[in-house]
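Working notes, beginning with the structure itself.
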Amino acid sequence: MTNPVVISGVGLWTPPNSVSNQELVDSYNAYADAFNAQHREDIEAGRVEAKPHSSAEFIEKASGIKSRHVYIKEGILDIERMRPAIPERSDDALSHQAEIAVAAARSALAAANKSAADVDAVIVSCAYTQRAYPAIAIEVQAELGIQGFGFDMLVACSAATFGVHRAYDMVKAGSAGCVLVINPELVSPQINYTDRDSHFIFGDVATAMLVESSTTANAEHCFEILSTKAVTQFSNNIRSNFGYMSRAFDGDPYAADKLFHQEGRKVFKEVCPMAAEHIAAHLGQHQLTPADVRRWWLHQANINMNTLISKKLLGRLPDNNEAPIVLDRYANTASAGSIIAFALHHEDLQAGDYGLLCSFGAGYSIGSLVLQKQA
Ligand code: CO8
């Protein structure tokens with residue numbers, strides 16, 4: 001029997017800038033009006049599709065999102081630009097993504113009562129990294145003064161949970177004693193702010209978790225990872241085609257298909273039952289039922305998805321204390337949503353309480369952790 005593996009600290013970095021639905025809709029609608037005026041002849045001849053208006057009421061009802069945080073607000077609402085204006089940094093400067101990763105990592109270390117010297121490995125796991133190499137994780141490692149090794153991994157919405165899975169496996173196997181898993185979800189550069197179906201969905205954030213053996217943990221709030229469970233199933237319903245090959249293709253490297261796009265309805269229909277079955281099976285491995293779970297830290301993409309999944313599992317609607325919602329003010333933050341929910345809502349649990357943390361999304365990918373609060 002190996003020693004239990006615990007999450008001993010969690011960190012959250014929230015960008016200071018937020019954008020309300022109304023701000024986003026006002027900018028998109030002004031852009032759409034300008035586009036339609038500019039292309040009037042083509043639209044009337046049926047060669048170009050007119051851009052319909054967006055609506056703040058639709059967004060809140062269809063998704064539960066009221067506002068989102070963004071790393072850099074400048075440029076996003078400018079109808080001549082419709083993308084964040086993020087200044088390029090020199091190779092000598094800390095990269096944008098490493099900067100927000102370091103901020104979340106520092107707060108996870110503080111929560112766990114640990115210093116850089118205690119950490120053996122850094123995993124940066126998120127939906128996008130801003131470059132292929134050197135790994136953002138290695139940059140973060142250097143900035144924090146951590147020995148050992150680091151690597152990046154991408155699994156879209158399930159990057160954070162899959163990252164914790166790897167950390168859990170490493171601590172169990174003894175290849176690392178203490179692992180920092182960081183999720184710098186800097187997604188705003190990939191959002192198509194000229195597309196009304198998706199311009200409202202995402203926000204930026206960074207989260208981090210410290211995963212270590214219970215024998216070294218000395219934090220106030222430790223959660224044992226009883227087990228991890230992951231599944232993937234290929235789907236084109238959520239896709240981005242931007243990548244290192246974009247330069248070699250002759251098409252427009254900034255075309256809509258190079259940015260995030262999805263078949264939202266299909267995703268909703270296919271992912272909800274998958275996630276509910278996955279969670280029930282994972283709890284079953286521990287002879288637990290949904291009724292035994294004190295807190296649900298669910299993926300934060302869409303409030304109606306969480307409602308449906310919770311109802312399938314519990315046979316009723318959970319209240320906000322049982323299954324906290326953070327997407328109203330953070331929106332969908334790719335893989336970080338369930339970690340934000342954990343970061344903001346875990347300290348009140350009692351020793352022995354069970355919690356279930358689960359991500360679901362692009363890939364498709366689903367990752368879950370069965371957690372138990374330690375004494
Ligand atoms: N304002 C007004 N009307 C709108 C708007 C808008 N902004 N957007 C769409 N409509 C219209 C549609 O055009 C449609 O009109 P019509 O009936 O005439 O065709 C009508 O409203 C209904 O549209 P939908 O059927 O699309 O609306 P839904 O009720 O299904 O809601 C959602 C749309 C919110 C997108 C919903 O389907 C959903 O949330 N689905 C699940 C999506 C999901 O979870 N995706 C996961 C993506 S995240 C992920 O995997 C991580 C990827 C990596 C990060 C990427 C970062 C950039």
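Order of listing sets the numbers, starting from 1, for every ligand and every atom in it. Residues: numbered from 1 along the sequence shown.
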Is any heavy atom of the protein nearer than 4.0 Å to [atom]?
{"atom": "atom 44 (O) of ligand 1", "answer": "yes"}
{"atom": "atom 10 (N) of ligand 1", "answer": "yes"}
{"atom": "atom 18 (O) of ligand 1", "answer": "no"}

- Partners meeting ring pair (Phe, Tyr, Trp, His ring centres under 6.0 Å) with F223 (sequence neighbours left out): W297, F342, H346
- Item | ring pair (Phe, Tyr, Trp, His ring centres under 6.0 Å) involving F200 - partner list, sequence neighbours excluded | none
- What about Q262: any of its N or O atoms under 3.5 Å from an N or O on ligand 1? yes
- Under 3.5 Å, N or O to N or O, is F58 touching ligand 1 that way? no
- Item | Residue-ligand contact Y128/ligand 1, heavy atom below 4.0 Å | yes
- For D197, the ligand 1 atoms with a heavy-atom partner under 4.0 Å come out as 8 (N), 9 (C), 13 (O)
- Inspect the contact between E99 and R89 and indicate whether a charged nitrogen and a carboxylate oxygen are less than 4.0 angstrom apart. yes
- Ring-face cation contact, F242 with K258, 6.0 Å cut, 45° max: no
- Message: Is the distance between the ring centroids of H165 and F162 under 6.0 Å?
- Response: yes
